[in-house]
Amino acid sequence: MTKNRKKKKEVTDLLLHETKDRRLFPNVPDPSGRRSNSSRRNNHEGEQRPEYAQFAGQRYEVAVKVTVTQGRRSMIGISENVSQTGMLVKLPESAELSALEGQPVTLDFRLQEGDLQEGTEKHYRRLKAKVVRVIPARHCAAIQFDQPLYEARRKTDRLLFVLASLFLFFCSAVIMMMRVESIRYFATNPWLYGYSIMTALFLLSRYLFGSFYVPTPIDPDYTPSVTIVIPCFNEEKWIRETILRCADQDYPVDKLELIIVDDGSSDNSVEVIKQTVRDMCAEGAQYNIEDRVRVFLQNYNQGKREAMGVGIRNARTELIVFVDSDSFLASNAIRTLVQPMKDPKMGGVAGRTDVANVYTNWLTKMQAVRYYISFRIMKAAEAYFDSVMCLSGPLSCYRLDVVREVFDKWINQRFLGQKATFGDDRSLTNFVVEHYRTGYQDHALCSTIVPNKQKVFLRQQMRWKRSWLRESLRACTFMWKKQPFMALSFYLGVLVPLLAPIIVLYNLVYVPFVLHIFPAAFLIGLLMMSLMMCFAQLILKKSSLWIYGFFFCLYYEVILLWQMIWAWLTLWVNDWGTRCKCVNRSDIQSRKENK
């Protein structure tokens, strides 16, 4: 008797749907110099705009019900796309389009999570606008808002800023008062209260120095030559978008080249890569794609490090940028990312990574808050001391001669007698930061696809913890040479998570069940630390997802924390956990032909 096995339900990633331009490269500067993108994309960093308004002019495809009122007449339409500066609305057949063109109107509509950038979700009432154009064939009206949506949200944003700042200050004050108690009772239990003091010092200092962070401003005349390397393994779903976003940069054409390395993919990634390059070549000779884009195919899966190595060996520019094959650059990412490299002592710099599939489910929402705090607070604090300890894979930049200086040690790195096969980005950063500065550029944006299933997520976290342990042990041998406060912060950052499982067991098991004392102080401390993450995200990003910071901290204490113990016990394991077994490319081709 055969058993019917239920197929696991696939989770569909929900992404913002940008309205596609008819051109593949709408953001690439005109090679002749007659056209500039510096102002037309609404992406000035110097303007005082909220986080979500950097690309205010970008349109997204949404179907939102809109009430359009002109005088005493009202009609209900459906938007086809919307940006923070206007929208295209399909109106009822009965609407007199000719009477609307050029006329002022008021709008009423609600943007839900996932319609536009994080922070724009709100019910917009009596929003003043103007019909700038009508399209009779589609019965649509192009409507421009009198002021961008981020201006319409200013009062709300100010209120959120004030309230979140007060709560953040309150949480910080509570933590400091509790640590005063820890100092008073330190002699009674040095290990427990010492850990509490270390945790508070580490956390509060990161938030403090993160608040001092200022991105390096853009010098329009600084455009060093850049090679973007995209290592790819089984990413047929996302690799086309990744390549196009890397090529469509507001950066001089003669200063930017791409190297795509397929690391023995067993799906259709190679076919997608080749077709994408053909489409780019067909876009026009002025983009010089044939000379600027090179594709390398590995015969079998050798790992991301080897794929990155192919890019390093073949790059021919001043700087080298690594972009993961499921990550998507903003149009000014490269121009912004390279700015800290004006400092000749700067060996590498990380951009900021947001979650692309943030609205998929509760797991991706938690990761979105965690990613933001990890970059905007933690990396920003490290950047204050020019010692960012991990230039992350989705978007990182290095000086090519510095990378080649450490290349042999990095590519042949071994740990406990085995070749290192993951943690490539953190490992390369370690080799660079030992002798050079490393920085962080918050306005260099990319978004990445994160796991939407717990099983995949937990495997990823286990791999990250093993690589963190390995590279932290190595960094401990040289970080004492760095700036004293940064060195102290680093060593605290290593000790706190390593000791955390023991402290949690003591407070949540030994104290209540052996000493019969309710661990109120410990739980209040956890609550305050989780709320600090929530309110910092609310202050800086104005996103309605801030509450998921609390849920992430709870998830971490219940599940992720205990991975640290297993990571220690299996530190020598090199399995990625999310990759398939190595298969020779010729075998893959034979299988396809046999089908």
J.: For Leu473, does its backbone N or O pair with a side-chain atom of Thr477 as donor and acceptor, under 3.5 Å?
T.: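 Judged by distance alone, no pair lies under 3.5 Å.
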J.: Got a donor-acceptor contact below 3.5 angstrom from the Thr438 side chain to the Val433 backbone?
T.: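 No: the side chain of Thr438 does not pair with the backbone of Val433.
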J.: Using every non-hydrogen atom in the two residues, find where Ala307 and Val261 come nearest and quote the distance to one decimal.
T.: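 Taking every non-hydrogen atom into account, O-CG2, 3.6 Å.
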J.: Any donor-acceptor pair under 3.5 Å linking the side-chain atoms of Thr227 with those of Glu257?
T.: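 Present: a donor and an acceptor within the cut-off.
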J.: Would a distance-only check, ignoring hydrogens and angles, find a side-chain to backbone donor-acceptor pair under 3.5 Å from Asn27 to Gln249?
T.: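 Absent.
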J.: Taking Asp386's backbone N and O only, do any of them form a donor-acceptor pair with Arg437's side chain (distance below 3.5 Å, no angle check)?
T.: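 No, because the side chain of Arg437 does not come within donor-acceptor range (under 3.5 Å) of the backbone of Asp386.
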J.: Dump the intermediate steps for side chain to side chain contact (heavy atoms under 4.5 Å, CB included) on Glu181 and Ser196, then the final yes or no.
T.: CA-CA 10 Å; Glu181 289 294 305; Ser196 299; over 6 Å; no
J.: Tell me which one of Asp324, Asp262, Asp263 satisfies salt bridge (charged side-chain N to carboxylate O under 4.0 Å, His left out) with Lys304.
T.: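 When Asp324, Asp262, Asp263 are each tested with Lys304, the salt bridge (charged side-chain N to carboxylate O under 4.0 Å, His left out) holds only for Asp324.
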J.: Closer than 3.5 angstrom, by distance alone: can the side chain of Lys465 be matched with the main-chain N or O of Ala567 as a donor-acceptor pair?
T.: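 Not a single qualifying donor-acceptor pair exists.
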J.: With Thr364, which of Leu545, Ile449, Val450 fulfils side chain to side chain contact (heavy atoms under 4.5 Å, CB included)?
T.: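 For Thr364, the side chain to side chain contact (heavy atoms under 4.5 Å, CB included) check succeeds only for Val450.
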J.: Restricting to side-chain contact (heavy atoms from CB on, under 4.5 Å), what partner residues turn up for Ser165, sequence neighbours left out?
T.: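 Result, side-chain contact (heavy atoms from CB on, under 4.5 Å) vs Ser165: Phe161, Ile539.
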J.: Rounded to the nearest 0.5 Å, what separates atom CD1 in Ile260 from atom CD1 in Ile243?
T.: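 The CD1 atom of Ile260 sits 3.5 Å away from the CD1 atom of Ile243.
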J.: Quick test of your reading: applying ring pair (Phe, Tyr, Trp, His ring centres under 6.0 Å), list the pairs with at least one residue in residues 522-550, sequence neighbours left out, ordered by first then second residue.
T.: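 Every pair satisfying ring pair (Phe, Tyr, Trp, His ring centres under 6.0 Å) with a residue in residues 522-550: Phe167-Phe535, Phe535-Trp546, Tyr548-Phe551.
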J.: Is there side-chain contact between Arg335 and Pro252, with at least one heavy-atom pair below 4.5 Å?
T.: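 In short, these two side chains touch, coming nearer than 4.5 Å.
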J.: Atom CZ of residue position Phe170 - does it have more than 12 heavy atoms of other residues, nucleotides or ligands inside 6.0 Å?
T.: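 Count not over threshold, so no.
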J.: Please verify the inter-ring angle class for Trp464 with Tyr371; under 30° counts as parallel, over 60° as perpendicular, anything in between as tilted.
T.: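 Rings of Trp464 and Tyr371: tilted, 30 to 60°.
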J.: Strictly by side chain to side chain donor-acceptor pair (under 3.5 Å), give each pair with a member in residues 481-503 just once, sequence neighbours left out.
T.: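 As it turns out, the side chain to side chain donor-acceptor pair (under 3.5 Å) pairs with a partner in residues 481-503, which skip direct neighbours, are Arg206-Ser489.
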J.: Should we count CZ of Phe169 as having more than 12 external heavy atoms under 6.0 Å?
T.: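 Atom CZ in Phe169 is not packed in, count stays at 12 or less.
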J.: Looking at Trp480, I'd like to know if its CH2 atom is crowded, meaning that more than 12 non-hydrogen atoms belonging to other residues, nucleotides or ligands lie closer than 6.0 Å.
T.: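 No, not enclosed.
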J.: Is a side-chain N or O of Thr360 found less than 3.5 angstrom from the main chain of Leu14, in a donor-acceptor match?
T.: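 Yes, because the side chain of Thr360 sits within donor-acceptor range (under 3.5 Å) of the backbone of Leu14.
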J.: Using a 3.5 Å distance criterion without hydrogens, assess whether the side chain of Tyr195 forms a donor-acceptor pair with backbone atoms of Val496.
T.: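 Yes.
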J.: Rounded at 0.5 Å granularity, tell me how far CG in Leu391 sits from NZ in Lys379.
T.: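 Rounded to the nearest 0.5 Å, the CG-NZ separation comes to 7.0 Å.
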J.: Checking side chain to side chain contact (heavy atoms under 4.5 Å, CB included) against Ser543, which of Glu118, Lys365, Gln117 comes through?
T.: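 For Ser543, the side chain to side chain contact (heavy atoms under 4.5 Å, CB included) test succeeds with only one of Glu118, Lys365, Gln117, which is Glu118.
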J.: Over all heavy atoms of both residues, which pair between Met198 and Leu499 is shortest? Give the atoms and the distance, please.
T.: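 Residues Met198 and Leu499, closest heavy atoms: CE-CD1, 4.3 Å.
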J.: State, without any angle test, whether Thr317 and Ser225 hold a side-chain donor-acceptor pair at a distance under 3.5 Å.
T.: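 Distance-only check fails for Thr317 and Ser225.
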J.: Going by an N to O cut-off under 4.0 Å, is there a salt bridge joining Glu434 and Lys409?
T.: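 So Glu434 does not pair with Lys409 through a salt bridge.
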J.: Passes side chain to side chain contact (heavy atoms under 4.5 Å, CB included), Trp191 versus Ile502? Steps please.
T.: CA-CA 11 Å; Trp191 291 103; Ile502 300 172; over 6 Å; no
J.: Between Arg376 (side chain) and Lys541 (backbone), is there a donor-acceptor pair under 3.5 Å?
T.: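 It does not hold such a pair.
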J.: Report the distance from atom CD1 of Ile228 to atom SG of Cys246, rounding to the nearest 0.5 Å.
T.: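 Nearest 0.5 Å value for the CD1-SG distance: 4.5 Å.
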J.: Please assess Leu15 against Phe328 for the test side chain to side chain contact (heavy atoms under 4.5 Å, CB included), listing each intermediate value before the final yes or no.
T.: CA-CA 12 Å; Leu15 285 76; Phe328 320 120; 4.2 Å; yes
J.: Ion pair present between Lys542 and Asp157, side-chain N to carboxylate O less than 4.0 angstrom?
T.: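 Between Asp157 and Lys542 there is no salt bridge, as every charged N stays at least 4.0 Å from the carboxylate O atoms.
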J.: Measuring from Leu337:CG to Leu395:CG, what's the distance to the nearest 0.5 Å?
T.: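 If we round to the nearest 0.5 Å, Leu337:CG and Leu395:CG are 5.0 Å apart.
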J.: So which heavy atom on Ser331 is nearest to which on Phe55, and how close?
T.: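 Closest heavy-atom pair between Ser331 and Phe55: OG-CE2, 3.6 Å.
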J.: Of all heavy-atom pairs between Met346 and Met341, which one has the smallest distance, and what is that distance?
T.: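 Here Met346 and Met341 meet closest at O-CE, 3.5 Å.
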J.: Might you point out which heavy atoms bring Met532 and Ile175 nearest each other, and give the distance in Å?
T.: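 In terms of heavy atoms, the two residues are closest at SD-CD1, 3.4 Å.
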J.: For Thr429 and Val388, run side chain to side chain contact (heavy atoms under 4.5 Å, CB included): C-alpha distance rounded to whole Å, both residues' side-chain angles, the deciding distance at 0.1 Å, then the answer.
T.: CA-CA 8 Å; Thr429 305; Val388 177; 5.8 Å; no
J.: Is a side-chain donor-acceptor pair under 3.5 Å present for Glu405 with Tyr436?
T.: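 A pair is found: one side chain offers a donor N or O, the other an acceptor, under 3.5 Å apart.
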J.: Over all heavy atoms of both residues, which pair between Ile259 and Ala315 is shortest? Give the atoms and the distance, please.
T.: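 Of all heavy-atom pairs spanning Ile259 and Ala315, the closest is CD1-N, 3.9 Å.
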J.: Atom SG of Cys232 and atom CD1 of Ile273: how far apart are they, to the nearest 0.5 Å?
T.: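 Here the interatomic distance stands at 4.5 Å.
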J.: Over 60° means perpendicular and under 30° means parallel, so tell me whether Phe552 and Tyr556 are parallel, tilted or perpendicular.
T.: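 Ring orientation of Phe552 relative to Tyr556: tilted.
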J.: Just by distance, do the side chain of Gln441 and the backbone of Thr336 share a donor-acceptor pair under 3.5 Å?
T.: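 Pair found, side chain donor or acceptor close to backbone of Thr336.
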J.: Is the number of heavy atoms from other residues, nucleotides or ligands within 6.0 Å of OH (Tyr384) greater than 12?
T.: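 Counting neighbours around OH of Tyr384, 12 or fewer heavy atoms of other residues, nucleotides or ligands fall under 6.0 Å, so no.
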J.: Is the backbone N or O of Asn452 less than 3.5 Å from a side-chain atom of Asn361, with the two atoms forming a donor-acceptor pair by type?
T.: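 A pair under 3.5 Å: yes.
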J.: Hey, what do you get for CD1 (Ile411) to CD1 (Ile312), rounding to the nearest 0.5 Å?
T.: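 Reported to 0.5 Å precision, the distance equals 6.5 Å.
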